[in-house]
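No experiment lies behind these values; they were computed from the predicted model shown.
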Amino acid sequence: MTSLPESINLDPQTLLELGLDGIALIEASAGTGKTHTIADLYLRHILAGRQPAQILVVTFTIAATEELRGRIRNRLYQVLHCFQERVDPGDEFLHRLQSRYRDLDDLQQEAWLRHL
């Protein structure tokens with residue numbers, strides 16, 4: 001399991017720098033952005049070249065699972081649109097990710113698009 005401090009602020013920059021190895025537990029009160037954070041971390045795993053079958057996300061209810069699945073799917077389409085159309089994502093995490101994408105060479109950009 002990834003060892004994190006007991007309390008960590010998962011701001012956009014921290015989310016982009018957080019290591020993707022091992023297991024991570026996200027635990028917080030309702031309405032704090034857990035689902036959003038999980039979707040962003042899932043997106044990073046996909047961009048790193050992992051297949052969905054290699055990523056395990058667990059939640060507690062069928063309804064929560066469906067919500068998370070939809071949010072992740074929407075996030076993947078949202079970033080694909082940002083990369084292809086070069087539109088302002090209106091979201092600090094995606095804005096930083098889009099900047100990283102623009103700094104990649106053509107082959108790396110193509111790889112990211114294929115992963116998505």
Could you pull out all residues at least two apart from E110 that satisfy salt bridge (Lys or Arg N to Asp or Glu O under 4.0 Å)?
none

Let me confirm one number: the CZ-CG distance from F93 to L15, rounded to the nearest 0.5 Å.
5.5 Å

Do V79 and L16 land in one hydrophobic cluster if side-chain heavy atoms of ILVMFWY residues count as linked below 4.5 Å?
yes

Heavy-atom nearest pair, R50 first then L20, reads NH2-O, 3.8 Å

Test Q13 against E92 for side-chain contact (heavy atoms from CB on, under 4.5 Å), laying out the working first.
CA-CA 9 Å; Q13 188 61 39; E92 188 179 347; over 6 Å; no

Got a second to check how far H115's NE2 is from I46's CD1, nearest 0.5 Å?
9.0 Å

Result of checking T37, I38, L43 against L41 for side-chain contact (heavy atoms from CB on, under 4.5 Å):
T37

Do you reckon W112 sits in the same ILVMFWY cluster as V87, going by side-chain contacts under 4.5 Å, direct or chained?
no

Could you pull out the closest heavy-atom pair between A64 and T59, with the gap in Å?
CB-OG1, 3.6 Å

List the residues meeting salt bridge (Lys or Arg N to Asp or Glu O under 4.0 Å) with R44, not counting sequence neighbours, and say none if there are none.
none

F83 backbone acceptor or donor facing Q98 side chain under 3.5 Å
no

Can you name the closest pair of heavy atoms from Q78 and L94 and give their distance?
CD-CD1, 3.4 Å

Which pairs, with at least one residue in residues 66-77 and sequence neighbours excluded, count as a salt bridge (charged side-chain N to carboxylate O under 4.0 Å, His left out)?
D40-R75, E66-R69, E67-R71, R75-D91

What distance do H81 atom NE2 and N74 atom CG have between them, rounded to the nearest 0.5 Å?
13.0 Å

Should L104 and L116 be counted in the same cluster of Ile, Leu, Val, Met, Phe, Trp and Tyr side chains packed under 4.5 Å apart?
yes

Judged by atom type as modelled, is there a donor-acceptor pair below 3.5 Å linking the side chain of Q54 to the main-chain atoms of Q51?
yes

Residue pair Y42 / L76, side-chain heavy-atom distance below 4.5 Å
yes

Nearest 0.5 Å, what's the CD-CG distance between Q108 and L113?
12.0 Å

Distance (rounded to the nearest 0.5 Å) between L47 CG and R114 CZ
12.0 Å

Atom CD of Q84 and atom CD of Q109: how far apart are they, to the nearest 0.5 Å?
11.5 Å

